[in-house]
Protein chains: 2
Amino acid sequence: MATKESPRPGGRSARVQASVHKAVQTLLATLERTEVTVPLIAAEAGVTPSTIYRRWGDLQELLADVAVERLRPDMVPVDTGSFGSDLMAWAEQYAEEMSSGPGREMIRDVLAAQDGSGAYQCCNFTRQQIEVIAERAEERGEVFTDVEAVMDGVVAPIMYRILFGGAPDAAHVERLVTASLASKPAP
Amino acid sequence: MATKESPRPGGRSARVQASVHKAVQTLLATLERTEVTVPLIAAEAGVTPSTIYRRWGDLQELLADVAVERLRPDMVPVDTGSFGSDLMAWAEQYAEEMSSGPGREMIRDVLAAQDGSGAYQCCNFTRQQIEVIAERAEERGEVFTDVEAVMDGVVAPIMYRILFGGAPDAAHVERLVTASLASKPAP
DNA sequence: GCGCTAAAAGCAAATAATTTGCTTTTATGT
DNA sequence: ACATAAAAGCAAATTATTTGCTTTTAGCGC
């Protein structure tokens, strides 16, 4: 989407993107999802609706774009001393954040977009967080669970239940992590 | 959504629902997702757009409603003689169906709707299929994996990867099932 | 069966959204 | 500085959505 091309002639590009993103966040914080429209966002951002349509295509793509930015992790997983407790702490926080109203809406926005790249990015944000935990474990000389096994055993069940059923409770998350630690100790 | 109330005065209800659903399926088979609009569906179904708006609210809810119907299982999982092979056969078919273009679009439609009940229903369709496999295992006197453990260990990873990354390949699905069979043999 | 009733559907005007052709602005490379 | 091409503005045209009101219909009591 935002490829690495060097900025070409003509763009107020970055400025508009920033104000539109901010406008979306402001409006989402205030109004119901169904009340947030492109013309409203345009007015709030001080741009023309056609600018938004031409840059993003439609409301869903814009909402997805904003949601991906907001889902980008802003901190490194806390270091609690071991792979197991790092993963447990991370998973608990992840489940809580994603289960929250705003979390669920952001995930929904990302998945609703036609362009699947947002979902892929989010998945990678998560994978990278786990890789950080794994790399620390490796530096400590620990035996630790394969990253893809954690994706399957911890991340996927949490996300599945948030999306398709009730959010998993803390005990469930703890069980998932424990099982993952026990089952596949291999890199 | 479609509650079990006995039909009240006035509804051509069922007839309209059927023709609109059929129209949606016809159009989805022909056109790109972004080209399918409420007025088009209305014309194809021989109803007025306002009828659709009043019954379903918007296009997304209608698409979700249709997708849920299409995701409803139409057969019982095949009986291959044991819990393990039943689950393996079912998981392979499930992964294949859901990974397909139409499968992915239906899931997306279900999740994109404001009304989360469709996702919940789909999750239950899946759970019920696994329960059928589990009940057969119980009748045979087998030891078998808890249904929720299968949801976490097999269904969730398949769905997560379909939604967020590349679809899982056959070998991956096989590994998930094998691990699930090995890890939690209990009720 | 016959009307009564209320839910659902039709119709059409009003509103809101999206698209589009054309003009203007602006960041970059020369 | 100037030329250039990408991005943004503007406004008209199109398309989608909402809404008030009328008509049709299925179930209900008689």
Side-chain angles (χ1 to χ4, degrees), chain A residues 1-24 26-28 30-66 69 109 112-115, chain B residues 1-24 26-28 30-66 69 109 112-115:
Chain A
M1 184 140 282
T3 45
K4 66 284 149 149
E5 303 160 5
S6 60
R8 286 297 163 67
R12 264 154 300 195
S13 200
R15 207 172 6 256
V16 168
Q17 158 132 345
S19 66
V20 170
H21 273 226
K22 179 184 282 189
V24 169
T26 303
L27 292 171
L28 282 181
T30 315
L31 305 171
E32 294 299 314
R33 160 57 66 17
T34 54
E35 297 171 330
V36 177
T37 65
V38 170
L40 246 185
I41 295 164
E44 174 77 25
V47 302
T48 296
S50 64
T51 295
I52 293 178
Y53 288 115
R54 283 206 246 245
R55 267 179 79 104
W56 281 278
D58 63 16
L59 179 61
Q60 288 192 336
E61 296 296 321
L62 171 55
L63 292 178
D65 195 36
V66 172
E69 285 316 304
D109 286 343
Q114 289 298 121
D115 179 357
Chain B
M1 180 143 286
T3 45
K4 67 285 150 150
E5 303 160 6
S6 59
R8 287 296 162 68
R12 263 155 301 196
S13 200
R15 208 173 3 259
V16 168
Q17 157 130 349
S19 66
V20 169
H21 273 226
K22 179 183 281 188
V24 170
T26 302
L27 292 171
L28 282 180
T30 316
L31 305 170
E32 295 299 313
R33 159 56 72 0
T34 53
E35 296 172 330
V36 176
T37 65
V38 170
L40 247 185
I41 294 164
E44 174 77 24
V47 301
T48 295
S50 64
T51 295
I52 293 179
Y53 288 116
R54 283 205 247 246
R55 267 179 79 104
W56 282 279
D58 62 16
L59 178 61
Q60 288 191 337
E61 296 296 321
L62 170 55
L63 292 178
D65 194 34
V66 172
E69 285 315 303
D109 287 343
Q114 289 299 120
D115 178 356

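Numbered from 1 within each chain, the chains take letters A, B, ... in sequence-line order.
Using a 4.5 Å cut-off on side-chain heavy atoms (C-beta onward), A:L63 and A:V24 make contact. Contact check for B:D65 versus B:H21: side-chain heavy atoms found under the 4.5 Å cut-off.
Between B:E61 and B:W56, the closest heavy-atom pair is CB-O, 3.1 Å. Considering every non-hydrogen atom in both A:T30 and A:T26, the closest pair reads OG1-O, 2.8 Å.
For B:E35, the CD atom is densely surrounded, since the number of other residues' heavy atoms within 6.0 Å is greater than 12.
In this structure, CH2 of B:W56 is placed 18 Å from P of D:dA16, rounded to the nearest angstrom. The distance between atom CD of B:E35 and atom C1' of C:dT19, rounded to the nearest whole Å, is 15 Å. Atom P of nucleotide C:dA8 and atom CZ of B:R54 are separated by 12 Å, given to the nearest angstrom.
Partners of B:R33 by side chain to side chain donor-acceptor pair (under 3.5 Å), not counting sequence neighbours, listed by chain and number: B:E105, B:D109. Take A:A64 and apply the side-chain contact (heavy atoms from CB on, under 4.5 Å) test, not counting sequence neighbours, and it matches A:A113. Among residues two or more places apart in sequence or in another chain, the side chain to side chain donor-acceptor pair (under 3.5 Å) test is passed with A:E69 by A:R72.
Over its full length, the helix from C:dG1-D:dC30 to C:dT30-D:dA1 turns its helical axis through 40°, comparing axes from the five pairs at each end and rounding to 10°.
In this model, no side-chain donor or acceptor of A:R55 finds a partner on the base of D:dG9 within 3.5 Å.
Ranking D:dA26, C:dC22, D:dG20 by closeness to the B:R15 side chain, first place goes to D:dA26. Minimum atom distance to the side chain of A:V16 is reached by D:dA8, of the listed D:dA8, D:dC10, D:dT25. You'll find that the side chain of B:S50 is closest to D:dT19, out of C:dT20, D:dT19, C:dA9.
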Can you give each donor-acceptor pair under 3.5 Å made by side-chain atoms of residues 37-47 of chain B, sequence neighbours left out, with the distance rounded to 0.1 Å?
from	atom 1	to	atom 2	distance (Å)
B:T37	OG1	B:L40	N	3.3

Polar-atom pairs under 3.5 Å, protein N or O versus N or O of nucleotides 15-18 of chain C: list them with distances, or write none.
from	atom 1	to	atom 2	distance (Å)
C:dA17	OP1	A:T37	OG1	3.4
C:dA17	O3'	A:Y53	OH	2.9
C:dT18	OP2	A:Y53	OH	2.5
C:dT18	O5'	A:Y53	OH	2.5

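Between D:dA7 and A:S13, no contact under 4.0 Å exists linking OP1 or OP2 to a side-chain N or O. In this structure, A:T48 reaches the D:dG9 phosphate: one of its side-chain N or O atoms is under 4.0 Å from OP1 or OP2.
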